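What follows is one structure encoded as structure tokens, with my remarks underneath.
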Amino acid sequence: MASEPPCAPGSPECEVQPLLVPSGDIAHPPQKLPRAALVRGYGRFHLSIVEARQGQLLSGLDPLEVGRRSLPLEKHPMPEEKFWGDQESLSKIPFKIMKGHSHIVSSCNFCVDDTKLLSGSYDCTVKLWDAVDGSVIRDFEHRPNAPVLECSVTADSKRIIAASYDKAVRAWDLETGKLLWKINHETFIASCKLSPDGKYVVSALDVDRGICITDAENATTVSHIKNHHSRSLTACCFDPDSQKVASVSLDKSIKIWDITSQATLLTITKAHSSAISNCCFTFSGHFLCTSSWDKTLKIWNVHTGEFRNCGACVTLMQGHEGSVSSCHFARDTSFLVSGGLDRTVAIWHVGEGYRKLSLKGHSDWVTDVAISNDKKRVLSSSKDRTMRLWNIEEIDQIPLVIKYKKALGSKVKQCEVCDRPFSIYESDIFSETVTKCVFCRMDAKDLSAEASSSSGGED
């Protein structure tokens, strides 16, 4: 029997599990092993890790492959009926399991007014699903010749793209399934995204550590910025206005490129203590969230550059036990969803910076997450070859969420500027005077600082 590959750093598998003795059996005291046996055992274990790291095939290409060989997954039969999964007793969330891929599901998206789902997989397919019954509607033809790393869809759901390990990006018409074009790059593609307006495609390139922006209509190159980062890129994304591109890298930095001026607008170095795995904008475009292998997420005010003085606006910690692989904002920025190598999906309260709930059930790494426009459902894809569609419509009525809120002593108020609901701690002596959410308070503070700065300059 083949030995199991070593676990990912920071994942629960790396913890030493206690020996469990079945009831009725007698537990014998442990026997002391000879020192020579211990040395031999450690040597073999250490050697197996070294060999695994030397033999990994895709470790330099896939940012989720952290010190672990890329081996075919064993097939584990799963019951077809609905079940709750490994949920905490007070946090059961209804969900559906989407089965149809034969390998790792690397990417997932909502589309067509949340009635359809889009997925890409290491089985070299891109699939369109019915979000109601969970059936596969279409396998897009002229499929890639290698594992699919990421797929993306325009805001109007008319066009989709997919990047794969064969160094190509392909575009299809979502309604007809027709292949529109194919672009071949000279290097591996770590990530690809369509702009919300459907005009551009951005690809994060591995070897030349750059980004390539392509015209989505005629597949011509608009910009190719080489050596944009000092190490390989891991992810990229457009802002809601389709004018700026954020990119993150193994070098722990964040960069934002402006398409119009053809220049880097800002750079945040040492944004995390480890490699940054993913990034996403809020729908206002003022804030950027980054997820990292350091087990945290950070939210940055990239509109005013506040990070230059005080770093991240919010640092989200203690939500994952392992590296964080993905992140996604709700449309109104009221909450954030992240996926991790600890096999969980975390739902975060953005304004107060705490984890509301952890969704458990995947049997392997969570590779990607998405949120429906109506905020009622969360979609997650996993290395366990499935997707899960979680119904979070009644999340605030879940006993465990209510318990967390009571423990924090928080109450919900409505922002007088943007009408968003926000929480505030009752123990805060200013709780009665706070009338704006955290984002409107930060915007007001930045405007005040700019006004003071300009008046000081005039004097």
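All figures in this text were calculated on a predicted structure; none of them were measured in a lab. Heavy-atom basis, side chains included; hydrogens, waters and symmetry copies ignored. For reference, positions follow the sequence shown, starting with 1.
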Compare all side-chain heavy atoms of [X] with those of [Y] and state whether any distance is below 4.5 angstrom.
{"X": "V222", "Y": "T214", "result": "no"}
{"X": "V245", "Y": "I256", "result": "no"}
{"X": "R377", "Y": "F110", "result": "yes"}
{"X": "F238", "Y": "V202", "result": "yes"}

Would you say [atom1] of [X] has more than 12 non-hydrogen atoms from neighbouring residues, nucleotides or ligands within 6.0 angstrom?
{"X": "Q397", "atom1": "CD", "result": "yes"}
{"X": "D113", "atom1": "CG", "result": "no"}
{"X": "Q262", "atom1": "CD", "result": "yes"}

* To do: Report the relative orientation of the aromatic rings in F95 and W390; use parallel for angles under 30°, tilted for 30 to 60°, perpendicular for over 60°.
  => tilted

* Asked: Passes side-chain hydrogen bond (donor to acceptor under 3.5 Å, both in side chains), K255 versus T267? Steps please.
  -> CA-CA 5 Å; K255 286 181 178 285; T267 300; 3.2 Å; yes

* Asked: Could you give the distance from CG (D342) to NZ (K360), rounded to the nearest 0.5 Å?
  -> 9.0 Å

Indicate whether any N or O donor in one side chain lies under 3.5 Å from an N or O acceptor in the other, for [X] and [Y].
{"X": "S338", "Y": "W348", "answer": "yes"}
{"X": "W129", "Y": "S135", "answer": "no"}
{"X": "D215", "Y": "T220", "answer": "no"}

* To do: May I have all residue pairs that pass side-chain hydrogen bond (donor to acceptor under 3.5 Å, both in side chains) and include part of residues 179-192, sequence neighbours excluded?
  => E150-S191

* For S230, check side chain to side chain contact (heavy atoms under 4.5 Å, CB included) against everything at least two apart and list the hits. =>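 Once residues adjacent in sequence are excluded, the partners of S230 under the side chain to side chain contact (heavy atoms under 4.5 Å, CB included) criterion are D251.
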
* **salt bridge (Lys or Arg N to Asp or Glu O under 4.0 Å) contacts touching residues 326-339 (sequence neighbours left out)** =>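 Sorted result for residues 326-339: D332-K375.
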
